[in-house]
Amino acid sequence: MAASRRFRPVVLILLAATVAVAPSASGARAAAGAQTLVVASTADGYYENPKLPSIGKYPTNANIFETLVRMTPNYAVVPDLATRWQFIPPNTWRFHLRRGVRFQNGARFDANAVKYTMGRLAASGSGAYIGIDKKAAIRSVDPYTVDITPSFPNRRLLEQLVHPENSIVAPGSTPNHPVGTGPFKFVSYRRNREIVVQRWDGYWGPKPRLQRITFKFVPDANARALALESGAVEAAFDIPRESAATVASHRGLRIARSPVGAYEALYFDIRGASGFDLGQDAAIRQAVELGIDRSVIVKDVWRGNASVIQTMIPPSILGPYAGLVQGFAYNPGQAGRILDDDGWKLGGDGIRVKNGRRLSLTLVVGFPNADIHGAMPEAVQAMLRQVGIDLKVVKAPDENTYSSTLSAGQGDLFAEVGNQNDANPCFLPDLLFYFKGTSHGDYGYRFGPGGAFDQVIESKCRTGVSEAAAKQGAAQAMRILVDEQRIVVPVAGVFRIYGLSTKVKGFQPNPSQTNQSWLTVWLAK
Amino acid sequence: MKGYLLRRLAYLVPVLVGISLLAFGLGRLAPGDPARDVIARTTGHQPTHREVLAERHRLGLDRGPAVQYLSWVGHAVRGDLGISYTSGEPVARAIGDTLPLTLELAAAAFLLSLLLGVPLGLLAAARSWSWVDHAVRTVALVGASVPGFWVAYLLILAFSVHLHVFPPFGTGGLSHLVLPAVTLALFDIALLARLTRAAVLETLGEDHVRTARAKGLAERRVLVMHALRPALIPLVTWSGMSFGYLLGYSVVVETVFAWPGLGYTAVLAIQARDYPFIQAFALVMAVVFVGLNLAVDLLYPHIDPRTSFSSAQSSADEG
C-alpha cells in the first residue's frame, strides 16, 4: 500500500502529460474546413532535378499540372491541353492547343509554354525515351498550334505524352514552386512529409469541389491502412491486400478497386548460360505454364484483388485485339506428358531427371520488391513440384539486387510486378522484350525472342501510326510471348486498392496511380 | 582534461578515414547500379543498357574506385557531400533536415528508457525474488523480445484507431512524438531495467551497503545513494552505447510512423545505392557515436571520483 501511495503522483503526472500532449484532432480537422481532404500517399519519390523537378507530378500526382493529352481509366487518349492533333508524315505531331487557359501564376498557356516544357524535358534527360531530346524539333505554327518532331521516328508519342512526367510547366517557374494549369495549385512541399495543394479558382474546366488536398507520405502500407482506420486521413493509396477486407468492414470506410493496371508475371531467361540454361527448352517453358494454377494465386495470394489474365498488358488497353492472345489453362497432367515426351523422367524423389540432370529451376523474385509477391513463389514452388519440377526461390532484398541478378543471368525465371502508366499499348513488349541491338545485361537479351517478335514491334508498334495498329501490334507481340514462345507466364492482373472514407464521393479509381484525378472528388457532410 | 579531449578528438581522424573507406567500399560491393535507379526515378521507365552507361558516365561511376574515393573525400573536406541520387538535393542539406528529427526521437526514447528503466530495475532489486521482481523481469523479457514494428502497429491500433489519443504517423508536435518514442524506447527500457537490477543487486551485497544499513539509514537512501550510485558506471557506459543503438534502430520506427528522419532516409538511400548519401550517413553516424562515447568518458570522474582522465584514457586505450 505504501508503495502504491508513493507511485500515485507519478501515475497522475503521466496521465496528465498524456492528456496534455494528446492532440485535439477533431477540433483541428473541423477548423481546417469541410472540403479539406487528407490522403495517405506512398513514399515520397519526388526528384529535385533543377532542370525539371518532378515535385507535384510523379509519382504522387497532386493535380497541379496537366498534359497535352490525358489517359482515362480505360487507357484511352482524350484531349486535355490539346483539343485535337494530327500526325504529319514522316515524323511530326501537330497539336492544336486549348484557348483561354491560364497558368496558376496568371500567365497564358500557349505554344511557347509547350516549347518551354519540351526544352526542359530535353535538357533534363527525362524526354530522351520518347524522342524529346536536344535533336528534337519543337516549332510554333501559331500561338495555339505547335509541331513536335521527335529525334527518332516515334509513332507512339501521343500515347506516351499522357505520362505526368511530360506535364506542361509554366515558363520561368522555379524548381521548388511548381506552376501548372491543373485544377489545384501548389501550396507547400516538405520532403518525406507532405505536399499541400489548394483549389485553383482560375481553372479552365469544371471547378474542383475540394478546397484543399494534403498528400501525406506514409511509406509503410500497413500504417496507411491504420491511418485511414484512425480517421487521420480520408483516403489512402495501395492498401495492403491482406488489410483490404478489414478496412472495408470498418464502419465509415470503403475500398475502391481500379480496373487491372498492374500485372504479376514470370519471365523465362531464354539465353541463360550454363547452370541457368533450362529456359532454352520450349517443353519446360510450356510445362511450367500449364503447371501453375493461377486461380489459386489470385484467390489466396492476392486475396481476390486481382484477376487471371492471359497477357501482362491490361486487357482494356488492347481493346478488340485482346482476344488474339489465347493464353492457357491449368493442366498439370498435360504438363507431365510434355515433360515425359521431352525425356524428363520422374526420379525417386519426385523430381524429373534427364541425362543425369535434375529438372531444377531458379526463380528470382524482387521487382519492385520481394514482399509485394507475397507467397506466390512458394505457391508456384508447390504446384511445380506436383509435375516434377524443383523450384529454388531467390528473394532479392531490393530492386537493385534484383536488377543486378537479372543482368548477370543468375536465374531461370524472374518474377515481376509492373505497371502500365501510359496509354501506349506497346510500352511493355517494346521496353522489355525487343531483342535487336541489346546487350547481355538487358531485358531484351534475356527475354526477347527476336525474329517475328521484333518485326511486329517495328512494323506495328514503332511505325504503325494509328492507335488500332499499336493495339494490334501489342496483342500480336504478346501472342508470340505467351502462346507461341511461352517466355512470359502472366500470373495475375492486379487491381489498385484505394481505401476511402465513406464521406469521400466522386472518386474514380485509376489503374495508374500516378494518373489519379481528384477533380471530381468531394466530401459529403 | 584539455589535453585528454584533444587526444580523443585526434583519434577521430583515423576513425573517420576508416569509416569513409568502409562506407565507400561496402556501398560499391553491394549488387546493383545506382544509374539504373536514377533513370527509373527521373523518367518513370526502366532504362536500356545504353542509357545506363550514359548515366554512369554522368555520375562519374565509370571512373576508377580510387579516383572516385579521392574526389569524394576532396569535396567532403570542403563541406560538399555531393548530390543525392534519390532526391536530387544536396546531401548536406538532406542530412541537416533529417538528423535533428532522428536525434529528437532518439533523445525522447532515451529519456523514457532512463525514467522508466532505472526505477523499474531499482524496484526489482529492492524487492528481489518477490512478485514485483518477477513481474518486472517478465515485462522486461517481453519488452526485449517483441519486434519493434509489431509493437508500433499495436500502439497505433490502441492509441490512434481505438482511443484517438495520439496521431498514427508524422511529425508536428509532442503528441506525434509519443508513439514512436515509446516504441523505440521499449527495448531499451527492458534492457536498462535488467541491467540496473543486476548492478544494484551486486552492490547491495557489498560491505559499504551493510555499513550504511547498520548505521540505521532509511532503505530508500541506502538504495539510491549507496547501491545505485556505484552501479552507475556500467549504466552510464551502457547508456552511451544505447543512444547509438537508438539512432540505428530508429530506422524501423521512422518507417512505420512516417517520421522523416535520417534513418528512414538512409534506408531509401541504401535501397537505391545512393552512394553520396550512404557515405555521408556513415560519417555522420560515426561522429555522433564517437562524440557520445567521449561524453560518457568525460562523465566518469563526476560519477566516481576514483576515476580520473588519466585512468579513463588508459581504459580507453585498452578498449
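Residue numbering restarts at 1 for every chain, and letters A, B, ... go by the order of the sequence lines. All values below were derived from every heavy atom in this structure, side-chain atoms included, with hydrogens, water molecules and symmetry-related copies excluded.
Take Asp442(A) and apply the side-chain hydrogen bond (donor to acceptor under 3.5 Å, both in side chains) test, not counting sequence neighbours, and it matches no residue. Residues passing the ring-ring contact (aromatic ring centres under 6.0 Å, His included) test with Tyr249(B), sequence neighbours excluded: Tyr245(B).
In terms of heavy-atom pairs under 4.5 Å with chain B, the best-connected choice from Asn222(A), Asn400(A), Asp44(A) is Asn400(A). Top candidate by heavy-atom pairs under 4.5 Å with chain B, chosen from Ser54(A), Ala43(A), Ser439(A), Ala223(A), is Ser439(A). When each of Ala258(B), Gly32(B), Ser87(B), Gly170(B) is scored by its heavy-atom pairs under 4.5 Å with chain A, the top score falls to Ser87(B). The greatest number of non-hydrogen atom pairs below 4.5 Å with chain B, out of Ala396(A), Pro53(A), Ala408(A), Ser230(A), is found for Ser230(A).
Between Pro59(A) and Thr42(A) the shortest side-chain heavy-atom distance does not fall below 4.5 Å. Residues Val224(B) and Leu122(B) have side chains in contact (heavy-atom distance under 4.5 Å, counting atoms from C-beta outward).
Using a 4.5 Å cut-off between heavy atoms, Arg191(A) contacts chain B through both its backbone and its side chain. Using a 4.5 Å cut-off between heavy atoms, Ala40(A) makes no contact with chain B at all. Only the side chain of Val38(B) comes within less than 4.5 Å of a heavy atom in chain A; its backbone stays farther off. Only the side chain of Phe169(B) comes within less than 4.5 Å of a heavy atom in chain A; its backbone stays farther off. Using a 4.5 Å cut-off between heavy atoms, Ser407(A) contacts chain B through its side chain alone, with no backbone atom that close. Contacts between Phe149(B) and chain A at a heavy-atom distance below 4.5 Å are absent for every atom of the residue. For a residue to count as touching a neighbouring chain, one of its non-hydrogen atoms must lie under 4.5 Å from one of that chain's; by this rule Tyr47(A) touches chain B with backbone and side chain alike.
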Determine whether Asn421(A) and Ser512(A) satisfy the following criterion, side chain to side chain donor-acceptor pair (under 3.5 Å), listing intermediate values before the conclusion. CA-CA 5 Å; Asn421(A) 285 327; Ser512(A) 164; 2.8 Å; yes

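Residue Phe159(B) places its CZ atom among 12 or fewer non-hydrogen atoms of other residues, nucleotides or ligands, all under 6.0 Å distant.
Below 4.5 Å, heavy atoms of chain A meet heavy atoms from Arg93(B), Leu101(B), all part of residues 92-108 of chain B.
Side-chain rings of Phe367(A) and Phe414(A) stay apart, their centers remaining 6.0 Å or farther from each other.
Side-chain N/O atoms of Tyr443(A) and Glu416(A) include a donor and acceptor closer than 3.5 Å.
Relative ring orientation between Phe217(A) and Tyr189(A) is described as perpendicular, the plane-to-plane angle rising above 60° on a 0-90° scale split at 30° and 60°.
Under the side-chain hydrogen bond (donor to acceptor under 3.5 Å, both in side chains) criterion, the residue pairs touching residues 271-280 of chain B are Asp398(A)-Arg273(B), Thr401(A)-Arg273(B), Arg28(B)-Gln279(B), Ser84(B)-Asp274(B), Thr86(B)-Asp274(B), with sequence neighbours excluded.
Looking only at distances, no side-chain donor or acceptor of Glu229(A) sits under 3.5 Å from a matching main-chain atom of Val161(B).
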